[in-house]
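One structure is given here, and the rest of the page talks about it.
Just so you know, these numbers use all the heavy atoms, side chains as well, and skip hydrogens, waters and symmetry mates. Heads up: numbering here begins at 1 and tracks the sequence.
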Amino acid sequence: MNAMRLVLTVTVLAGTALAGGEFSTGGAELLQFKGYLISDLYVYGEEDSDPDMGFDIIASLEWLPTLNDWLDAKIAFNAKPTEYEGEYEDLSLTTEDIMMNLHFTDAVTFSMGQFKRPFGYNYTRSGSSMYFLSRAILQDTGEFKNFGKRDIGANLNLAFDMVNFDVAFTNGAGDNEPEDDSNKQFTLRAEIEPLEGITIAGAFGSHSENDPDSASTDTWNATGMDFYTVVNYPLSETSTLNFVGEYLMLGEPVADDVDFTDASAYAFTLAPEFRLDGPAILAVRPAVRYENYSPSYAGTTDPENDRTALDFCLNLDLYSSKNTLQIGGRNLSFEDDTMDGYTDMYVAWRMKF
């Protein structure tokens with residue numbers, strides 16, 4: 001009901017502005033939208049999977065109202081099926097990003113609201129730009145969510161010619177979960193572009209946590225580090241080499257006297273792009289991504305429970321650069337001998353607007 005109420009509110013406001021030319025000021029500047037739709041047929045490769053195949057749909061919409069050169073905002077909505085006991089039920093609408101931005105200069109922006117913490121390239125990149133249907137598996141791990149979830153707080157961005165800095169201070173719980181005074185997070189990210197088309201970056205997150213139901217007053221701290229390189233190198237007038245390499249070290253809040261090994265993960269993506277002159281196929285992007293995730297563990301014995309994923313996808317831009325057909329799959333394998341690997345396959349249609 002709340003989601004439906006939100007949709008109706010946005011629709012009424014948009015309709016009012018279109019009819020009258022403005023809300024109270026700003027006119028068309030308050031009616032800036034962008035987003036994408038993705039529909040796919042997914043075939044599950046895991047043995048005895050139920051369902052073994054099915055259709056899915058997801059929609060993402062961003063409302064970007066602008067008051068003037070100094071002030072603007074972002075409100076992002078996401079609609080997708082709700083998973084319930086292994087089956088997809090009714091579509092649910094969630095509000096993801098809600099941000100207010102103050103631009104002191106072209107290089108200095110201060111933001112407050114709910115947003116993605118500036119940590120993890122495979123997590124923070126735009127969903128409409130991905131070479132695969134799904135993001136990297138590392139973003140779904142508990143250790144990554146210590147540092148890379150959406151959260152409520154403030155962010156200062158400094159964007160210069162070669163260097164881009166983000167400094168964020170947030171509640172720490174993320175995604176509107178309950179938080180208390182000990183549960184805060186500080187996140188710092190620095191990106192450097194030494195050459196055109198090449199970005200080298202590093203991010204640091206410091207997370208604190210305690211158990212409010214515990215008699216202990218100890219606060220446990222965790223740190224995470226993320227390093228990545230992004231390359232978009234032109235090979236010719238009609239082809240570009242796209243490469244992403246990322247490595248993460250992910251701590252978990254534990255007591256200082258616990259013998260603990262942090263989680264780690266890495267991912268490499270290669271996706272050359274070939275632009276064509278055909279009337280139907282405008283660009284071809286074959287893509288492959290390999291990643292490995294090693295969970296954290298207590299003690300001195302490695303439980304040997306690493307996971308690896310190999311994603312592959314053929315991206316075809318049909319009739320428009322905003323209309324893409326994706327044909328691909330994901331192979332999952334496990335270090336644990338008791339778990340069998342499997343391969344999922346999919347055909348997806350993505351339309352940006």
Side-chain angles (χ1 to χ4, degrees), residues 6 10 26 29-30 32-34 60-78 94-127 139 143-193 199 201-210 212 219-228 248 250-253:
L6 182 59
V10 173
E29 293 298 316
L30 295 178
Q32 300 184 70
F33 294 90
K34 72 175 184 177
S60 178
L61 176 66
E62 295 181 3
W63 180 21
L64 306 169
T66 300
L67 293 181
N68 50 48
D69 293 339
W70 294 72
L71 299 168
D72 58 49
K74 174 183 176 182
I75 304 174
F77 308 95
N78 187 287
T94 58
T95 307
E96 295 192 325
D97 295 333
I98 308 176
M99 300 172 58
M100 298 176 290
N101 305 306
L102 173 59
H103 305 280
F104 292 102
T105 68
D106 290 340
V108 182
T109 300
F110 177 75
S111 304
M112 289 188 69
Q114 176 168 290
F115 50 87
K116 287 183 176 181
R117 301 170 187 155
F119 189 93
Y121 177 82
N122 279 284
Y123 173 65
T124 56
R125 71 172 297 165
S126 167
Q139 74 153 36
E143 296 96 340
F144 179 82
K145 291 180 179 180
N146 285 336
F147 308 100
K149 296 170 65 178
R150 278 185 170 84
D151 206 348
I152 298 176
N155 184 83
L156 178 65
N157 175 258
L158 306 175
F160 303 103
D161 289 339
M162 294 178 54
V163 182
N164 186 77
F165 289 102
D166 280 289
V167 182
F169 185 62
T170 55
N171 283 346
D175 289 335
N176 288 319
E177 295 177 2
E179 58 87 23
D180 54 53
D181 287 339
S182 70
N183 200 359
K184 297 292 187 288
Q185 177 159 320
F186 173 80
T187 311
L188 170 66
R189 179 177 65 187
E191 297 180 323
I192 302 174
E193 188 176 1
T199 301
F204 171 84
S206 177
H207 177 83
S208 62
E209 189 172 299
N210 73 355
T219 298
W220 298 341
N221 299 304
T223 57
M225 288 181 283
D226 173 35
F227 306 96
Y228 59 85
L248 302 100
L250 305 167
E252 200 165 5

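Of the possible polar contacts, one joining the Asn146 side chain to the Gly251 backbone as a donor-acceptor pair under 3.5 Å is found. With hydrogens and angles disregarded, no donor-acceptor distance shorter than 3.5 Å links the side chain of Asn164 to the backbone of Glu191.
Phe147 approaches Gly205 most closely through the heavy-atom pair CE2-O, 3.6 Å. Phe115 approaches Ala168 most closely through the heavy-atom pair CE1-CB, 4.3 Å.
Listed by chain and number, the residues in a side chain to side chain contact (heavy atoms under 4.5 Å, CB included) with Met112 are Phe110, Ala154 (sequence neighbours excluded). Residues passing the side chain to side chain contact (heavy atoms under 4.5 Å, CB included) test with Asn78 are Ile58, Ser60, Lys80, Thr94, Glu96, sequence neighbours excluded. Looking at residues two or more places apart in sequence or on another chain, you find a side chain to side chain donor-acceptor pair (under 3.5 Å) between Asp97 and Lys74, Arg150. Looking at residues two or more places apart in sequence or on another chain, you find a side chain to side chain contact (heavy atoms under 4.5 Å, CB included) between Ala73 and Pro65. Every residue meeting the ring pair (Phe, Tyr, Trp, His ring centres under 6.0 Å) condition with Tyr228, not counting sequence neighbours, appears here in chain and number order: Tyr121. Take Thr109 and apply the side chain to side chain donor-acceptor pair (under 3.5 Å) test, not counting sequence neighbours, and it matches His103. Every side chain to side chain contact (heavy atoms under 4.5 Å, CB included) that Gln139 has, sequence neighbours left out, goes to Tyr123, Arg135, Phe144. Contacts of Thr105 classified as side chain to side chain donor-acceptor pair (under 3.5 Å), with partners at least two apart in sequence or in another chain: none.
Classification of the Trp63-Phe33 ring pair by plane angle, with boundaries at 30° and 60°, yields parallel.
With values rounded to the nearest 0.5 angstrom, Asn122 atom CG is found 8.0 Å from Leu248 atom CG. Note that the CG atom of Leu156 and the CG atom of Leu158 stand 4.5 Å from one another [nearest 0.5 Å]. One distance of note links CE of Met225 with CG of Leu250; it measures 9.5 Å at 0.5 Å rounding. Interatomic distance, NZ of Lys184 versus OG1 of Thr170, reported as 9.0 Å (0.5 Å rounding).
Partner Ser111 forms a side-chain hydrogen bond (donor to acceptor under 3.5 Å, both in side chains) with one of Asn157, Asn101, Asn155, Asp72 and no other, that one being Asn101.
For residues 103-115, there are no salt bridge (charged side-chain N to carboxylate O under 4.0 Å, His left out) pairs, not counting sequence neighbours. Counting only residues at least two apart or on different chains, the salt bridge (charged side-chain N to carboxylate O under 4.0 Å, His left out) pairs with a member in residues 159-170 are Asp166-Arg189.
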Take Phe169 and Gln185, measure what side-chain contact (heavy atoms from CB on, under 4.5 Å) needs, and give me the verdict at the end. CA-CA 6 Å; Phe169 185 62; Gln185 177 159 320; over 6 Å; no
Does the side chain to side chain donor-acceptor pair (under 3.5 Å) test come out yes or no for Gln32 and Thr66, once each step is laid out? CA-CA 8 Å; Gln32 300 184 70; Thr66 300; 3.0 Å; yes
